[in-house]
Visitor: 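Structure provided below as structure tokens; questions to follow.
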Amino acid sequence: MNKIVQSKKCARCEKTVYPLEELKCLDKIWHKGCFKCKVCNMTLSMKTYKGFDKVPYCEAHIPKAKATCVAETPEMKRLAENTKIQSNVQYHAEFEKSKAKFTQVADDPETLRLKINTKNSSNIAYHGDMKKKEEMEKKRTADEEEQAARDRQHEEQQMDQLDQLQNIHQKKQQHLQQ
């Protein structure tokens with residue numbers, strides 16, 4: 001039986017590639033020694049090559065994609081607006097899906113203070129200590145009023161002393177002028 005064996009050709013040198021020296025990459029067959037960077041001819045391996053247009057390159061020589069200018073046509077504006085709307089729809093759907101699952105709250109000092117006050121208020125209401133709380137608030141208000149009255153009395157005393165000193169000073173001035 002005559003089997004017709006189709007010989008595999010190397011993508012670089014176009015010579016026959018035998019199974020022991022065969023390297024399949026970028027949809028082509030290569031000799032291991034022919035698998036080199038197109039620019040600098042550095043021998044590459046399956047770990048070090050970068051493919052571009054089905055041609056092997058090293059990391060340093062792979063062609064970079066160049067930025068292009070896109071005209072702002074009405075069609076492009078419409079596509080951009082549709083993309084934005086679609087993004088908002090997707091975000092909103094994800095938000096609605098996770099809305100009732102959790103609420104993240106930062107534990108800043110103000111939040112912690114409010115949490116403690118709420119807990120205290122809740123305990124007062126639960127244990128029936130509302131009267132005690134009201135009495136404490138009345139006492140605090142009374143204490144504040146007493147302190148304010150003492151402050152006013154102290155101010156009046158200082159004003160009287162200041163008036164007395166001014167009178168003494170005026171009498172001395174009059175006595176010196178005579």
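Just the heavy atoms: all of them, side chains too, but no hydrogens, waters or symmetry mates, feed the values below. Remember, it's a predicted structure, so these values are computed and weren't measured experimentally.
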Visitor: Working to the nearest 0.5 Å, report the span between SG of Cys10 and NZ of Lys15.
Guide: 9.5 Å
Visitor: Look at atom NZ of Lys64 and say whether more than 12 heavy atoms of other residues, nucleotides or ligands are closer to it than 6.0 Å.
Guide: yes
Visitor: Ignoring hydrogens and angles, write down the donor-acceptor pairs under 3.5 Å from the side chains of residues 23-31, residues two or more places apart or on other chains.
Guide:
from, atom 1, to, atom 2, distance (Å)
Asp27, OD2, Lys54, NZ, 2.9
Lys28, NZ, Lys54, O, 3.2
Trp30, NE1, Cys25, O, 3.0
His31, NE2, Thr16, O, 2.9
His31, NE2, Glu21, OE2, 3.4

Visitor: Quick one: name the residues clustered hydrophobically with Leu114, using the 4.5 Å side-chain heavy-atom rule over I, L, V, M, F, W, Y, and just say none if it's on its own.
Guide: none
Visitor: Can you sort out the partners of Gln147 under side-chain contact (heavy atoms from CB on, under 4.5 Å), two or more places apart, ordered by chain and number?
Guide: Arg150, Asp151
Visitor: Would you say the side chain of Met42 lies within less than 4.5 Å of the side chain of Lys36, judging by non-hydrogen atoms?
Guide: no
Visitor: Which pairs pass ring pair (Phe, Tyr, Trp, His ring centres under 6.0 Å) with one or both residues in residues 139-161, sequence neighbours excluded?
Guide: none
Visitor: Go through the structure and list residues passing salt bridge (charged side-chain N to carboxylate O under 4.0 Å, His left out) with Lys32, not counting sequence neighbours.
Guide: none
Visitor: Check side-chain contact (heavy atoms from CB on, under 4.5 Å) between Thr141 and all other residues, then give those that pass, not counting sequence neighbours.
Guide: Glu145
Visitor: Using a strict cut-off of less than 4.0 Å between a Lys/Arg side-chain nitrogen and an Asp/Glu carboxylate oxygen, indicate whether Arg113 and Glu110 qualify as a salt bridge.
Guide: yes
Visitor: Using a side-chain heavy atom cutoff under 4.5 Å and only I, L, V, M, F, W and Y, what cluster partners does Val39 have?
Guide: Phe52, Val55, Tyr57, Ile62
Visitor: Can you give me every donor-acceptor pair (side chain of residues 159-173, partner residue at least two apart or in another chain, under 3.5 Å) with its distance?
Guide:
none

Visitor: For a quick test of reading the model, state the closest non-hydrogen atom pair linking Pro56 to Leu44 and the distance between them.
Guide: CB-CD1, 3.8 Å
Visitor: For residues Pro74 and Lys77, determine if any side-chain heavy atom of one lies less than 4.5 Å from a side-chain heavy atom of the other.
Guide: no
Visitor: If you take all heavy atoms of Cys37 and Cys58, which pair is closest and at what distance?
Guide: SG-N, 3.4 Å
Visitor: I'd like to check the side-chain contact (heavy atoms from CB on, under 4.5 Å) partners of Thr73; sequence neighbours left out, ordered by chain and number.
Guide: Ala71, Glu75, Met76
Visitor: To the nearest 0.5 angstrom, please state how far the NZ atom of Lys38 sits from the CG atom of Asp53.
Guide: 8.5 Å
Visitor: Can you name the side chain to side chain donor-acceptor pair (under 3.5 Å) partners of Arg152, sequence neighbours left out?
Guide: none
Visitor: How would you list, by chain and number, every residue that makes a side chain to side chain donor-acceptor pair (under 3.5 Å) with Thr48, sequence neighbours excluded?
Guide: Ser45
Visitor: Which residues pass the side chain to side chain donor-acceptor pair (under 3.5 Å) test with Gln86, not counting sequence neighbours?
Guide: none
